[in-house]
Amino acid sequence: MTETPTPARLRVAPSPTGDPHVGTAYMSLFNLAYARHTGGQFVLRIEDTDRARYVADSEQQIFDTLHWLGLDWDEGPDVGGPYAPYRQSERLDTYQPFVDQLIADGHAYYCWCSRERLKDLREEQERSKTPDTGYDRLCYGKTRAERAALPGFTDTPVVRMLIPDDVPLTFPDVIRGTLTAPKPDDQVILKADGFPTYHLAVVVDDHLMGITHVVRGEEWISSTPKHILLYRWLGWEPPAFAHMPLLRNADRSKISKRKNPAARLTWFREQGYLPEALRNFLQLMGYPPVHGDDEVASFEDFVAGFDWAKINPVGPIFDLDKLTWLNGHYIRALDPAELAGRIATHLAEAGQWPTPPDQQAMNLLVRATPLIQERLTLLSEALPKLQFLYTPDADLVVDDDAVTTLGEAAPQALAGAISVLEAMPEDGFTATAIETALRTALVETKGLKPRVAFAPVRSAIAGSRVSPPLFESMELLGRASCLNRLRALQARLATAA
Ligand code: GLU
């Protein structure tokens, strides 16, 4: 019998400092998976204490992109919950008493050193290559007046942790076993602007919000001894820590917003990836496929078998070709009408179509989508492939290479196709009827090779050498439009001759 796990409480705690990073989705996915696996809760907390890096619309982008991915939270700034508020800037009163307590207990102290003094200190340490880096504790043990008598003083102090010499540096990690981090500096916990730093706020909030597992990126490993120290000083039980691997490029460098467009979560939506494909892709980062060799798996199956022991902490390679392949898979699996809806939404978001879409344009899209579904890998490719169906006949420009590559028999094929269409009834203008009639006239009667017969027709109809299936496209355009296009190319060839 398998043990029923204790319901766990997990959180993702992004900072609204710009376009959300793909790592936020990755962390959310694994936090959410374990919360669901145990029947617990998943919390979204906005860590906006760094006012210098704060970007106003970033929070909304975090909500939108995570919702788009279906990574929904049980508690958060927008949905509330028993531990509200879930935005750190609204919790300043919560942190202050803990800062006071740490000072009173001798675990923290005021520091009045000016920015310039700290900068000079750092530069001096670099120059002298001293092993004693970090803050030199000039302010420690001094009253304000004592410190004010010395150079490099500012009026508004910060509060620093007094890191003891015997700070424990080793701690258990759910994914990596026992970890050891370097000895920390006297970390600032309260800034001059009255905001806590991340380190204090994260500990206070994780404790007060009942978080049982802190699952975050490996870049936080070196901060964990500071956090464990704060838990100990405040008399609290620390949560379990799990440090996930960082996503990497093929050359092992970190995925960064500066270098990789794919580091921005909004990029995937702009490009026309489906949320289910991106979710499936992120499920495979550092985690084996749920169904053996088959890399396709639903979130539900991922959750059902979720196990921290399966995570490989070596930085997974973010392979966009794999994502594109998965996207094609999910596109093919959609009902065509649903796919047409997704394409329309994508076009609206890209500002290419109005919301709601024009009804006629939408009807055409619903009929045309099955023609491209099999070969489509990104939603953004749909309109370019179908543009010829939306272009008025008079505006269709036939690509030069769709003309120059046609053989000598092109005029003959076009003339034959025109006669065939003129003779066809308006209401029986179906793909099968068109194909049968054209084959009979051009291939069987005139003896043209199918390629020779149909290439000019394709160029005329679609304006290019490659197009969705020809006869189906002709059916969608209708007889009159097809005739206009065939005659236009016929005229162009005649002038060129
Ligand atoms: N606010 C931190 C970040 O932006 C959260 C780190 C954590 O999960 O503890 O990554």
Side-chain angles (χ1 to χ4, degrees), residues 8-35 41-55 58-63 65-66 71 73 75-77 83 85-92 94-95 171 173-176 179 181 184 187-189 191 195-231 236 238-247 254-257 263-265 282 286 308 311 313 315:
R9 282 179 61 79
L10 293 97
R11 71 356 177 232
V12 71
S15 297
T17 54
D19 241 354
H21 191 278
V22 66
T24 298
Y26 180 46
M27 288 312 122
S28 302
L29 180 76
F30 279 74
N31 273 286
L32 177 64
Y34 191 63
Q41 294 89 37
F42 174 53
V43 177
L44 171 66
R45 186 173 66 226
I46 294 293
E47 300 205 326
D48 56 351
T49 58
D50 189 344
R51 303 316 280 176
R53 295 181 62 216
Y54 180 78
V55 176
S58 173
E59 180 181 298
Q60 192 58 46
Q61 282 181 334
I62 293 169
F63 296 165
T65 43
L66 294 182
L71 303 173
W73 43 98
E75 299 165 28
Y83 301 95
Y86 292 91
R87 203 178 271 118
Q88 290 185 326
S89 58
E90 294 168 11
R91 300 173 61 80
L92 300 189
T94 304
Y95 309 117
F171 61 92
D173 182 281
V174 176
I175 298 171
R176 297 160 192 263
L179 283 179
Q187 175 68 53
V188 173
I189 52 174
K191 292 179 275 187
F195 278 74
T197 56
Y198 156 72
H199 303 283
L200 179 75
V202 77
V203 166
V204 169
D205 287 347
D206 283 339
H207 173 74
L208 295 182
M209 293 181 180
I211 299 303
T212 57
H213 293 69
V214 166
V215 179
R216 59 186 172 193
E218 67 181 284
E219 72 270 33
W220 299 107
I221 290 176
S222 61
S223 300
T224 307
K226 297 180 228 178
H227 301 173
I228 292 177
L229 207 50
L230 287 169
Y231 278 100
W236 300 334
F241 291 99
H243 289 96
M244 296 288 291
L246 285 181
L247 304 177
K254 278 195 276 182
I255 305 271
S256 82
K257 284 203 269 180
R264 291 192 305 114
L265 206 39
L282 292 174
W308 294 114
I311 293 180

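In listed order, ligands and their atoms are each counted from 1. Numbers here simply count residues along the sequence, with the first being 1.
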Legend entry - Proximal ligand 1 atoms for Arg216, defined as those under 4.0 Å from one of its heavy atoms: 7 (C), 8 (O), 9 (O)
Inset, instruction - Report yes or no: does Arg11 have a heavy atom closer than 4.0 Å to ligand 1? - result: yes
Inset, instruction - Distance to 0.1 Å, residue and atom name: give those for the protein heavy atom nearest to atom 4 (O) of ligand 1. - result: Ser15 OG, 3.2 Å
Inset, instruction - Specify the closest pair of heavy atoms between Tyr83 and Arg91, including all atoms of both residues, with the distance to one decimal. - result: O-NH1, 3.3 Å
Legend entry - For Arg11, the option from Thr212, Asp206, Asn31 that meets side-chain hydrogen bond (donor to acceptor under 3.5 Å, both in side chains): Asp206
Legend entry - Sidechain-backbone polar pair: His21 side chain, Gly23 backbone, donor-acceptor under 3.5 Å: yes
Legend entry - Shortest protein contact, atom 5 (C) of ligand 1 (heavy atom only): Ala13 O, 3.2 Å
Inset, instruction - For residues Phe42 and Leu71, report the shortest heavy-atom separation together with the two atoms involved. - result: CE2-O, 4.3 Å
Inset, instruction - Could you list which atoms of ligand 1 come closer than 4.0 Å to a heavy atom of Tyr198? - result: 2 (C), 5 (C), 6 (C), 7 (C), 9 (O)
Legend entry - Under 3.5 Å: N/O of Val202 near N/O of ligand 1: no
Inset, instruction - Could you grab the distance from atom CG of Asp48 to atom CZ of Phe195, nearest 0.5 Å is fine? - result: 7.0 Å
Inset, instruction - Decide if the gap between the ring center of Tyr26 and the ring center of Phe30 is smaller than 6.0 angstrom. - result: yes
Legend entry - atom 1 (N) of ligand 1 - nearest protein heavy atom and its distance: Glu47 OE1, 2.6 Å
